[in-house]
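Reading through the structure tokens given below for one structure.
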Amino acid sequence: MKALGIIFSNIHNETIDELTRKRTSASIPFGGRYRLIDFALSNIVSADIVNVGILAQKNYQSLMDHLGSGKDWDLSRRNGGLVIFPPYGSYKSDTLYSNRLEALISIRGYIEKNKEDLVVLMDCDSANVIDLNDVLEQHVANQADITIIYRHGKCGSDMASHMDLKMDETGRVIKADLKSKVGKITNSSINVWVINRRLLQCLLDDAVSQGLESFHRDILFNNIKSLKIFGYEHKGIYLHVNSMENYFKYNMALLEKENRDALFGDRNHRIYTKVRDSAPTRYGFEAKVENSFIADGCEIEGTVINSVLFRGVKVGKGTVVKNSILMQDTI
């Protein structure tokens, strides 16, 4: 099933300023050897989507270094493949785009040039495994205009800014709130959508002519009655990184086998990342390691307990690392 992928790389930078001062949120390190964008890209390529556009705004040098030509995701192609869009001036002025809708308007030519029937729009602020093939099949079966992926359950603070969907027995969205209520049982959007490409073109053209400003309010919320919008429940793992607290919490969650298996255990849905030809981790004679997630290329001479170590970390003799996250090449 032919679809075009579009990824927003830094929509939520302001919520994790400590990690995004020198990089975009898409290139935040996660789980020892990955970046957050790896999960979005892996979901897309697992659905055999081969044309992917990535919208960047600022601090995206590390993202470009990580992605390169896209060959590690099999997206280095003569025609199509991976395209990184640098900051465009908005359709209103020469300033950088300030929201999701302006970002999409800035690449209208790219959307029009591609001939796929569907477009998958997604953020990359979480570690997850989504079967996009199943989502696309349901979208076509429902003859939907838009499909919104959501999670059902008690809403935590990390999902408070996400749309809360109300659906009928067929799964069609009949009502929505722009924000979910913390502590309530909600159907909170995870900011992944499937939309018909020609419809998206028309909606973007209307947005320009009418001066619309919000993707959620003006494109989704205001068209619930006029468009066939359906929900798709995501029941798999979803680790939403929108704060330093959640960044620490969800990295530490990988110390539990159940979470590791859910994220990395499906042989038919690999999580791909940039290949770095590092030697295996070396453990010294006095090294002591307990319940830790350690990437390749590390040198462990001391003690590491309940921690996540990224590539190339060195822990010297007599050093104790406990309940910590050590970034790449830390000594």
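The analysis underlying the following values was restricted to heavy atoms, covering all of them including side chains, and did not include hydrogens, waters or symmetry mates. Worth saying up front: this structure is predicted, and the values here are computed from it rather than measured.
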Answer with yes or no whether the hydrophobic clustering places [X] together with [Y]; edges join I, L, V, M, F, W, Y residues whose side-chain heavy atoms lie under 4.5 Å apart.
X: Ile271; Y: Phe310; result: yes
X: Tyr272; Y: Leu75; result: yes
X: Met327; Y: Phe30; result: yes
X: Val308; Y: Leu326; result: no
X: Met252; Y: Leu263; result: yes

Charged N to carboxylate O under 4.0 angstrom, [X] versus [Y]?
X: Arg33; Y: Asp72; value: no
X: Glu301; Y: Arg282; value: yes
X: Arg100; Y: Asp123; value: yes
X: Asp117; Y: Arg197; value: no
X: Asp164; Y: Lys166; value: yes

Task: Separation between SG of Cys124 and CG of Asn191, rounded to the nearest 0.5 Å - done: 11.0 Å

Open item on the list: Quick check for you: to the nearest 0.5 Å, what is the distance between Ile190 atom CD1 and Ile149 atom CD1?
Closed with: 5.0 Å

TODO: Return yes when atom CD of Gln143 has more than 12 non-hydrogen atoms of other residues, nucleotides or ligands closer than 6.0 Å, and no otherwise.
DONE: no

[X] side chain to [Y] side chain, donor-acceptor N/O pair below 3.5 angstrom:
X: Asp131; Y: His234; answer: no
X: Asp65; Y: Gln61; answer: yes
X: Thr273; Y: Asp38; answer: yes
X: Glu290; Y: Asn306; answer: no

Less than 6.0 Å separating the ring centroids of [X] and [Y]?
X: Tyr150; Y: Tyr232; answer: no
X: Trp193; Y: His216; answer: yes
X: His240; Y: His162; answer: yes
X: Tyr34; Y: Phe264; answer: yes

- [ ] Using modelled atom types only, decide if a donor and an acceptor are shared between the side chain of Asn51 and the backbone of Gly81 within a distance under 3.5 Å.
- [x] yes

- [ ] Ignoring hydrogens and angles, tell me if any N or O in the side chain of Asn142 forms a donor-acceptor pair with the backbone of Ala144 under 3.5 Å.
- [x] no

Can you tell if the side chain of [X] reaches within under 4.5 Å of the side chain of [Y], non-hydrogen atoms only?
X: Leu239; Y: Ser126; value: no
X: Ile148; Y: Ile229; value: yes
X: Val321; Y: Val313; value: no
X: Trp73; Y: Lys71; value: no
X: Gln201; Y: Ile111; value: yes
X: Leu199; Y: Ile146; value: yes
X: Ile174; Y: Leu165; value: no
X: Met163; Y: Lys179; value: no

- [ ] Starting from the C-alpha separation in whole Å, work towards a yes-or-no answer on salt bridge (Lys or Arg N to Asp or Glu O under 4.0 Å) for Asp329 and Arg276.
- [x] CA-CA 13 Å; Asp329 297 326; Arg276 176 175 171 177; 3.3 Å; yes

Task: Smallest separation among heavy atoms of Leu63 and Ala26, with atom names - done: CD1-CB, 4.0 Å

Open item on the list: Apply salt bridge (Lys or Arg N to Asp or Glu O under 4.0 Å) to residues Lys2 and Asp48 and explain how you reach the verdict.
Closed with: CA-CA 8 Å; Lys2 299 296 184 181; Asp48 297 321; over 6 Å; no

